[in-house]
Engineer: 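Below is a structure I'd like to ask you about.
All ligand and atom numbering here is 1-based and tracks the order in the structure. The figures that follow rest on heavy atoms only: side chains count, while hydrogens, waters and symmetry mates do not.
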Amino acid sequence: MSDVPSSHPRYLSLKLRDAIVTGVEKGITSAHGLIAHGRGEAFDYLVGEETQAFAEAAIRSAAAMLLRASHPVISVNGNAAALVPAELVSLGAACDAPLEVNIFHASKERETAIEKELRDNGAPRVLLPLAGATLDHIDSNRRYVNPEGIAAADVVFVPLEDGDRCEALRKAGVEVVTIDLNPLSRTARLASVTIVDNVVRAMPLLIDAVGTLKVCDEEELNGIVSSYDNEAILDEALLRIRHGGGYHPSPDIRGCFRR
Ligand code: ATP
Ligand code: MG
């Protein structure tokens, strides 16, 4: 770890950089993951480096979607495993969803390193992609999935996802829940629910929301999901970026998560 004092104004951001660099050193994160993280940092500045109302609304809908799923799966890449391994394991336990390793740049070593990291953080079972099972509509390494995991899923949670794979999952009729700080990315646009927030801030809130909504019956969960409008949420995120500190959430967005 670098020796940045906790009084440094960018301390939290620098700590996250340390976590990503450690991920690369442990063989969990690819060098390309560093670039993806930098893009996320830039958008985090623009959304104010705190969880906004549009993210809270999306978190509530994401929790409802995960709870009403018959076969939810949590897809884990190298950046997510470096930043929030324990939270991914907790979310899996909270909504009874297996974790599946799925990385963009092919590497058996990295898949195994991510699997180990998740197990070290308490994951009872980690699925890996298998050569026999593939997603249609995609050419990259990410088309390989696990037959008991993503191949059979009705809802996939994929933080920091690549747009191509998000599109392939949607074309396959799967609901996609993502966390992505860039409201303009293809993933953000194509997902069913997009949480525009830093994965380190959003994960604990999502785990809490799953715990809170666990008591809801199917009808209540359906109501939460059907009243959610992802396009409106992304428009709100763009308003925050445009107006900075002068941004005020629109009243119906507030209603969306306060109900
Ligand atoms: P797309 O393929 O969806 O158009 P992209 O090619 O710009 O997006 P990728 O590298 O495929 O981006 O995916 C990484 C995404 O994750 C980026 O949109 C980036 O802003 C976002 N991101 C990176 N770090 C974080 C983080 N810590 N929290 C939330 N989002 C993040
Ligand atoms: Mg991409």
Engineer: Assess whether atom NE2 of H32 is packed by more than 12 heavy atoms of other residues, nucleotides or ligands within 6.0 Å.
Structural biologist: no
Engineer: Quick one: hydrophobic cluster around V4, which other residues, with the 4.5 Å side-chain cut-off, linked directly or via members?
Structural biologist: Y11, L14
Engineer: Can you figure out which of D180, L190, N182, D197 has its heavy atom closest to atom 15 (C) of ligand 1?
Structural biologist: D180
Engineer: Specify side chain, backbone, both or neither for E161, according to which of its non-hydrogen atoms lie closer than 4.0 Å to ligand 1.
Structural biologist: backbone
Engineer: Record the part of L83 in heavy-atom contact with ligand 1 below 4.0 Å; permitted values are side chain, backbone, both and neither.
Structural biologist: side chain
Engineer: Which residue from G38, A36, A80 reaches closest to atom 10 (O) of ligand 1 through any of its heavy atoms?
Structural biologist: A36
Engineer: Kindly confirm or rule out an N or O of I179 lying under 3.5 angstrom from an N or O of ligand 1.
Structural biologist: no
Engineer: Please could you name the atoms of ligand 1 that R186 approaches to less than 4.0 Å, counting only its heavy atoms?
Structural biologist: 1 (P), 3 (O), 4 (O)
Engineer: Applying ring-ring contact (aromatic ring centres under 6.0 Å, His included), can you list everything that pairs with H137, at least two apart in sequence or on another chain?
Structural biologist: none
Engineer: Return yes when atom CZ of R201 has more than 12 non-hydrogen atoms of other residues, nucleotides or ligands closer than 6.0 Å, and no otherwise.
Structural biologist: yes
Engineer: Can you see which heavy atom on A202 is nearest to which on I195, and at what distance?
Structural biologist: CB-CG2, 3.9 Å
Engineer: Does E175 form a salt bridge (Lys or Arg N to Asp or Glu O under 4.0 Å) with R170? I'd like the steps, not just the answer.
Structural biologist: CA-CA 6 Å; E175 299 276 20; R170 296 294 286 131; 3.6 Å; yes
Engineer: Sort and list the pairs that fulfil salt bridge (Lys or Arg N to Asp or Glu O under 4.0 Å) and have at least one residue in residues 118-129, not counting sequence neighbours.
Structural biologist: E115-R119, K116-D120, R125-E148
Engineer: L160 heavy atoms, cut-off 4.0 Å: which ligand 1 atoms fall inside?
Structural biologist: 16 (O), 22 (N), 25 (C), 26 (C), 28 (N), 29 (C), 30 (N), 31 (C)
Engineer: Salt bridge (Lys or Arg N to Asp or Glu O under 4.0 Å) for D136 and R143? Distances and angles first, verdict last.
Structural biologist: CA-CA 7 Å; D136 290 337; R143 75 177 184 274; over 6 Å; no
Engineer: At a cut-off of 2.8 Å, list the protein N/O/S atoms near the Mg ion (ligand 2), residue plus atom name.
Structural biologist: D162 OD1
